[in-house]
Each structure stands twice: as structure tokens, then as C-alpha cells.
Enquirer: 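Quick one: the structure is below, questions incoming.
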Amino acid sequence: MAAVKRVPFIAGNWKMNLDHLQSIAFVQKLAWSLKDANHDFGAVEVAVFPPFTDLRSVQTLISGDKLEVAYGAQDVSQFDSGAYTGEISGAFLKALDCAYVIIGHSERRTMHAESDEVVAAKSAAAVKHGIVPVICVGETAEDLEKHGPSAVPVAQLKAALAGLSGAVDIVVAYEPVWAIGSGLAATPEQAEQVCAALRKVIADTLGKDVADATRILYGGSVKAANIAGFMREPNVDGALVGGASLDTKEFSDIARFQKHVGT
Ligand code: 13P
């Protein structure tokens, strides 16, 4: 593969944790901790994904203090506006300067019955509003046993990309469901195998240039102690971190993986 420079991406999915007041203190502390450690944000991008109700506060803090931390939402509606009680439009997220939005997280696929078609429609909606979708795919332990390592994530990604074309800016997150919140992360080799298969799906559907430029993240029980192993793999460009993203020290240590990648 040609040497393509993809800026590593360390993303913190807060899930339903931290209210808007807590989010301000947290992002401030995270930014200080990274600044104290001389973190080079150009070399490793860091983003947080707070609950919707925090986004305005996070935007005000980040733009007011000119922090280099990026942010995004955890979901978006497939629709632009209308009678969709409880839904949030991509236009509203764009108005809050969200750069990213997580789409198709396994918790939404499971608890909110989000189908591959909905994930595709939401991904297209994000792109339409100028927001980069972080498209999540991943197999359950049962899928793994029945279909092997890549079949389900590959099928999910193919379906999610159905509404996209051209030189789109997307991020893909491979999150094996069995590794989420379990403390049992995939091995770097397992992650690499699936991430390489996902990159091939992107190449086949959106072309080689998009595939080369797209960051593919691993997610599932990532912590400071195991990030380096994942980041050594050629097709793993970052991590989508849940639990460990709620601790500023742990999360900034993950973002600073380059300091311990050789260890
Ligand atoms: P954990 O890091 O808590 O396993 O969660 C991963 C995840 O679901 C991130 O989206």
C-alpha cells in the first residue's frame, strides 16, 4: 500500500455520562492535561463526544478558549426537520460547529433497533450537513462464532456506505460488541484483520483515494495500557474509547500513545 499519511484520531465517546456543567470542567481539565504534556494536536487529533445537552457548553468553551480538542455528537436524525419527537437534526449539530457525529453505535443498533438502512440514511444526512460521520460496525460474540471475524462488520459497512459517493470524508470505527465495556479487548492482530477488510470495502465502494484517506478506528476496552499495540497496526488509525475516555489522565495518556508506542 502506498504510504498515506492519516492523522491518528483518538475519540472519546462519553455515552450518557457528564452533564453540561461537568462537561466544561472535564474538557478544561483534558485540554490542560494535554497542553502540560506538550501534546501535538496536529500529530494526533483528539475529540470528545458528549451528550447532546452538553454540546453548546463544550462549543462555547472550546471556541472561547481556542482549545484544539474537536467534538461531535453521539447520534443524528436521518431527517432535516419535522415531526420527529426527540430527534436532533444534522443542521442543528452543524450550527453548534460539531465536526463529527457517531452513527450506528452498537448500543443504538441494539437498544434502538437501528437497522443498516437507518445507519446508511444517517450517514448520508451527516455528510449532507457537512459533518463527518463516525460509522460504527462490529460483530457480537455469536456472530464471531457463526460467521468468523470480518463478515458482519464488512456487511454492515457495505450497507452504511450505500448512500454515499465521491470524495467523502468519513471515519469508520470497528467495535466488536463483545469487547465493548467488557475489559476484554480484541488483540491488535484481530483488529488489524477486520480493519484491513473494512478498508477494502471502502476502496471497492468509494475508491482507493477515499480508502487511503479514511481513518479506521478500533473500539472496545481501549486503555492507556493497550493502545500502543493497536496503533502499531497499519490499518488501525486510532481508537473510539468509552469508559477510559471519562478519566482525563487515562484519556490523555491514550492520546499520547506515541510516547509509549515503542514500549
Ligand atoms: P469501552 O471503551 O468502554 O469498551 O466502550 C467502547 C465504546 O463503545 C466506544 O464507543
Side-chain angles (χ1 to χ4, degrees), residues 8-18 23 26 30 44-52 54-55 58 69-76 93 98-114 118-119 122-123 126 131-141 143-144 152-153 156-157 160 170-188 190-191 194-195 198 214-231 233 236-257:
F9 188 41
I10 301 296
N13 175 10
W14 294 2
K15 306 191 179 183
M16 198 171 72
N17 293 289
L18 306 180
S23 78
F26 184 94
L30 175 65
V44 178
E45 187 178 358
V46 179
V48 292
F49 291 79
F52 287 126
D54 298 6
L55 289 171
V58 168
V69 176
Y71 59 93
Q74 297 175 16
D75 185 30
V76 66
L93 299 180
C98 285
Y100 299 99
V101 61
I102 294 172
I103 293 175
H105 191 279
S106 77
E107 286 147 21
R108 296 209 60 88
R109 289 180 188 261
T110 314
M111 293 183 242
H112 301 269
E114 280 191 14
V118 168
V119 172
K122 288 185 171 189
S123 300
I131 304 168
V132 177
V134 178
I135 302 168
C136 299
V137 296
E139 80 288 355
T140 62
D143 292 333
L144 184 62
V152 168
Q156 287 175 336
L157 186 60
I170 58 170
V171 172
V172 171
Y174 167 52
E175 298 206 305
V177 180
W178 48 269
I180 296 176
S182 67
L184 185 77
T187 64
Q190 281 173 313
V194 179
C195 291
L198 295 174
T214 298
R215 279 136 355 140
I216 304 183
L217 317 180
Y218 165 75
S221 298
V222 170
K223 43 189 196 255
N226 64 16
I227 183 68
F230 293 109
M231 298 309 293
E233 299 295 343
V236 180
D237 306 308
L240 184 54
V241 185
S245 78
L246 298 170
D247 177 323
T248 49
K249 160 110 180 53
E250 184 74 12
F251 189 56
S252 50
D253 282 351
I254 294 172
R256 295 174 58 246
F257 70 88

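Side-chain atoms are counted along with the backbone in the values below, which use heavy atoms only and exclude waters and symmetry mates. In listed order, ligands and their atoms are each counted from 1.
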Enquirer: Which atoms of ligand 1 sit under 4.0 Å from any heavy atom of A179?
Expert: 4 (O)
Enquirer: With a cutoff of 4.0 Å, is S106 in contact with ligand 1, counting heavy atoms of the residue only?
Expert: no
Enquirer: Would you say E250's side chain and A224's backbone share a donor-acceptor pair under 3.5 angstrom?
Expert: yes
Enquirer: Using a strict 4.0 Å cut-off to heavy atoms of L240, name the atoms of ligand 1 that fall inside it.
Expert: 9 (C), 10 (O)
Enquirer: Of the choices E175, K15, Q74, E107, which has the non-hydrogen atom that lies closest to atom 5 (O) of ligand 1?
Expert: K15
Enquirer: Looking at CG of D247 and CG of L30, how far apart are the two atoms once the value is rounded to the nearest 0.5 Å?
Expert: 10.5 Å
Enquirer: Rounded to the nearest 0.5 Å, how far apart are SG of C98 and CZ of F49?
Expert: 9.0 Å
Enquirer: Would you kindly specify which portion of S245 sits under 4.0 Å from ligand 1, judged on non-hydrogen atoms: side chain, backbone, both or neither?
Expert: neither
Enquirer: Examine distances only and state if a side-chain atom of R215 and a backbone atom of V171 form a donor-acceptor pair shorter than 3.5 Å.
Expert: no
Enquirer: Between Y100 and F9, is the gap from one ring center to the other below 6.0 Å?
Expert: yes
Enquirer: Heavy-atom distances under 4.0 Å decide this one: backbone, side chain, both or neither, for N13 against ligand 1?
Expert: side chain
Enquirer: I need the I135 CD1 to I102 CD1 distance, nearest 0.5 Å.
Expert: 12.0 Å
Enquirer: With a cutoff of 4.0 Å, is G219 in contact with ligand 1, counting heavy atoms of the residue only?
Expert: no
Enquirer: Just going by heavy-atom distances, which of A185, S182, G181, P176 is nearest to atom 4 (O) of ligand 1?
Expert: G181
Enquirer: Atom 2 (O) of ligand 1: which protein heavy atom is closest, and how many Å away?
Expert: G242 N, 2.9 Å
Enquirer: Using a 3.5 Å distance criterion without hydrogens, assess whether the side chain of S221 forms a donor-acceptor pair with backbone atoms of A179.
Expert: yes
Enquirer: Under 3.5 Å between some N or O of ligand 1 and some N or O of V241?
Expert: no
Enquirer: Nearest protein heavy-atom contact for atom 3 (O) of ligand 1: which residue, which atom, what distance?
Expert: G243 N, 2.8 Å
Enquirer: Is there a polar contact, in the sense of an N or O pair closer than 3.5 Å, between A244 and ligand 1?
Expert: no
Enquirer: Is it true that H105 and Q74 share a donor-acceptor pair across their side chains at a distance under 3.5 Å?
Expert: no
